[in-house]
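A short worksheet on the structure shown next.
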Number of protein chains: 2
Amino acid sequence: MNESKGRSIPETVKGVPEPTLRRLPLYYRLLKQLRDSGRAGVSCTMIGTELKLDPTQIRKDIEVTGTVGRPKVGYDINELICAIERFLGWDNTVEAFLVGAGSLGEALMGYGGFTECGLQIVAAFDVDPTKCHRVMHGKHVRHVSKLPNLMRRMKVRFGIITVPAAEAQQAANLLVEGGVLAIWNFAPAKIQVPERVIVTNEDLYCSLAVLSQKMTRKLALSRSKGGSKP
Amino acid sequence: MNESKGRSIPETVKGVPEPTLRRLPLYYRLLKQLRDSGRAGVSCTMIGTELKLDPTQIRKDIEVTGTVGRPKVGYDINELICAIERFLGWDNTVEAFLVGAGSLGEALMGYGGFTECGLQIVAAFDVDPTKCHRVMHGKHVRHVSKLPNLMRRMKVRFGIITVPAAEAQQAANLLVEGGVLAIWNFAPAKIQVPERVIVTNEDLYCSLAVLSQKMTRKLALSRSKGGSKP
DNA sequence: CATAAATCGAGAATTATTTCTTTATATATA
DNA sequence: TATATATAAAGAAATAATTCTCGATTTATG
């Protein structure tokens, strides 16, 4: 008598702002910590203090998950955790294929935390035959030529690309051939896929740009203010 | 007679929007490709077509780098590349220490492309003694206890954290002790640092959230429209 | 040389996101 | 029971970012 009636998730007819989506995991992590430490309830004020974010913003973010709180009390931590999981789709296991068994691929396979988000890497693929036929963090590494068929047979719908930039498009093509639904692309290259395929790029250069520009700016400012040359 | 006169970079008195900063590397990469293919000039229209972005937005982004174009012609590719490099601080080499010599750390050290952005990882550190005293992609791996002193002696100001979440704060502390200016944090955990230190979090869970929510939404929609159960 | 087409640049309009304000409600305390 | 206080919720306002509009400029073409 909780999920069945009407809109458990507000249908998401109108897309949720991406900034909100990116903040939800931050709350999620904190909530789990709080729960482990024995708390049962939490207020936006508390989350805000902890994460240095505006409480109103947090309240609006939580709203999209469909969770309701009580004045003066806040939210039930368990309920909130479940709501975020449900909203993000982290309550169901999604199997994924990983293309590119280099060190980045290995790092992701070894990253135990993804299962918490329902993401399970079930196999890895590589073009390099010397990397194939071995087991990495409990997952078989196979040759990329096997990918499309295996993907269809196993009904895997999620792909992770961890190959060098130059090979990213080929990797994407294989995944598309296998009927992929969503791709998490770690290669610093844009990939062309059919419109129906959802892509998120994890482009390290974009993040680095933010950091290095801020650093550059800071250095420039400190130099012009308190620096040696006026 | 190009940089010396007046404001080569528009001083950046008022911070540049982060979305702009994150797009600049995309242009940068494309521009280098275009240059390699022999082109000398480029218009926002062309970049926009290539990257599927609005030309006006690109024009505004380019504006922050201080580059001026010519109507009907566009921008000089070389000039634009240099301006972006200068603006992001990618024209100067920045030396970095990496904390956490696991597979993610190894992946980053092996990632040749960072030198293009002026980022040079000069050494790695780990708490695990068995990982120390070896060479990884040409860089020495040392024990974390050596970090602060070495960092001050070598005047390294940039830190990269690739340790597990539970150890992130310790890693940050060491870097702060060493006088770090900016931290690129790959651990899925918030780190507490003095206000003067610039931090960029590369939190994979945040990106995954975007992707899995979109996927979940899509599946929900397709089920409610063309699915089996009405 | 006049005309057409492409494109920059500036600013207006729109849209998205965040922050502020107010109101209502639940709990604790006197 | 009455009062004070913390907080959610709803909506208004402010701010940030994107997209649109238009005038100016440069090159190409007849």
Side-chain angles (χ1 to χ4, degrees), chain A residues 7 10 12-24 26-27 30-31 34 39-81 83-84 206 209-210 213-214, chain B residues 6-7 10 12-24 26-27 30-31 34 39-77 79-80 83-84 206 209-210 213-214 217:
Chain A
R7 56 171 235 318
T12 325
V13 209
K14 198 166 174 287
V16 170
E18 195 168 308
T20 294
L21 294 178
R22 298 188 72 92
R23 279 188 301 264
L24 286 175
L26 271 31
Y27 309 151
L30 175 63
L31 290 167
L34 291 173
R39 293 191 62 91
V42 69
S43 72
C44 291
T45 317
M46 183 184 299
I47 301 177
T49 310
E50 209 59 42
L51 260 38
K52 290 187 187 128
L53 291 172
D54 186 291
T56 315
Q57 181 170 71
I58 297 168
R59 205 166 291 129
K60 288 234 193 295
D61 289 343
I62 287 177
E63 215 178 305
V64 307
T65 69
T67 314
V68 294
R70 290 197 303 171
K72 174 85 183 201
V73 180
Y75 304 87
D76 179 82
I77 289 188
N78 265 315
E79 197 185 325
L80 196 42
I81 288 175
I84 293 176
C206 297
V210 177
Q213 205 274 334
K214 281 184 187 165
Chain B
R7 54 171 234 317
T12 325
V13 208
K14 197 163 175 291
V16 171
E18 194 168 309
T20 295
L21 293 177
R22 298 189 72 92
R23 279 189 300 265
L24 287 174
L26 271 31
Y27 309 152
L30 175 64
L31 290 167
L34 291 172
R39 294 191 61 93
V42 69
S43 72
C44 291
T45 316
M46 184 184 299
I47 300 177
T49 310
E50 209 59 42
L51 261 35
K52 292 190 185 122
L53 292 172
D54 186 292
T56 314
Q57 181 170 70
I58 297 168
R59 206 167 290 130
K60 288 232 193 295
D61 289 343
I62 287 177
E63 216 178 305
V64 308
T65 70
T67 315
V68 293
R70 288 197 306 171
K72 174 85 184 192
V73 181
Y75 303 88
D76 179 81
I77 288 189
E79 196 184 325
L80 195 42
I84 293 177
C206 297
V210 178
Q213 204 274 334
K214 280 185 188 165
R217 188 156 83 100

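Note on naming: letters A, B, ... go to the chains in the order of the sequence lines (proteins, then strands), and numbering restarts at 1 for each one. For clarity, every value in this text was computed on a predicted model and none was experimentally measured. All values below were derived from every heavy atom in this structure, side-chain atoms included, with hydrogens, water molecules and symmetry-related copies excluded.
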So which heavy atom on [X] is nearest to which on [Y], and how close?
| X | Y | value |
| --- | --- | --- |
| A/Cys44 | A/Ile62 | SG-CD1, 4.2 Å |
| B/Asp61 | B/Tyr27 | OD2-OH, 2.5 Å |
| B/Cys206 | A/Arg22 | SG-O, 3.2 Å |
| A/Leu53 | A/Arg23 | CD1-CD, 4.0 Å |

Using a heavy-atom cut-off of under 4.0 Å over every strand shown, decide if A/Thr45 touches base, sugar-phosphate, or nothing.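 If one applies the 4.0 Å heavy-atom cut-off, A/Thr45 turns out to touch the sugar-phosphate alone, with no base involved.
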Rounded to the nearest angstrom, tell me the gap between atom [atom1] in [X] and atom [atom2] in [N].
| X | N | atom1 | atom2 | result |
| --- | --- | --- | --- | --- |
| B/Leu21 | D/dT18 | CG | P | 11 Å |
| B/Ile58 | D/dC20 | CD1 | C1' | 15 Å |
| B/Leu53 | D/dC20 | CG | P | 13 Å |
| B/Glu63 | D/dA17 | CD | P | 15 Å |

Between A/Thr20 and B/Ile62, who's closer to the 5' end of DNA chain C by nearest nucleotide?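 Here B/Ile62 is the residue nearer the 5' end.
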Nearest heavy atom decides the nucleotide; on that basis, is B/Lys60 or B/Ser43 closer to the 5' end of DNA chain C?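 Of the two residues, B/Ser43 wins.
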For a side-chain contact (heavy atoms from CB on, under 4.5 Å) check, start with the C-alpha distance between A/Lys60 and A/Thr20, then their side-chain angles and the critical distance, and finish with the verdict. CA-CA 9 Å; A/Lys60 288 234 193 295; A/Thr20 294; over 6 Å; no
side-chain contact (heavy atoms from CB on, under 4.5 Å) between A/Val42 and A/Leu30, worked out: CA-CA 10 Å; A/Val42 69; A/Leu30 175 63; over 6 Å; no
Polar atom pairs between nucleotides 14-17 of chain C and protein, under 3.5 Å, N or O only, would you list them?
none

Compare all side-chain heavy atoms of B/Glu18 with those of A/Lys214 and state whether any distance is below 4.5 angstrom.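 The answer is yes; the side chains approach within 4.5 Å.
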Within the 4.5 Å heavy-atom criterion, are A/Ile77 and A/Ile81 side-chain neighbours or not?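 SC-SC contact between A/Ile77 and A/Ile81 confirmed.
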Apply side-chain contact (heavy atoms from CB on, under 4.5 Å) to the pair A/Leu51 and A/Ile58, showing each step before the final yes or no. CA-CA 10 Å; A/Leu51 260 38; A/Ile58 297 168; 5.6 Å; no
Base, backbone or nothing for each nucleotide of nucleotides 21-30 of chain D, written B, S, -, heavy atoms under 4.0 angstrom, 5' to 3'? ----BBB---
Would you say A/Tyr75 reaches D/dA9's phosphate, i.e. side-chain N/O to OP1/OP2 under 4.0 Å?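 Checking A/Tyr75 against D/dA9: at least one side-chain N or O falls below 4.0 Å of OP1 or OP2.
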B/Asp54 vs A/Met46, nearer the 5' end of DNA chain D by closest nucleotide: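 Of the two residues, A/Met46 wins.
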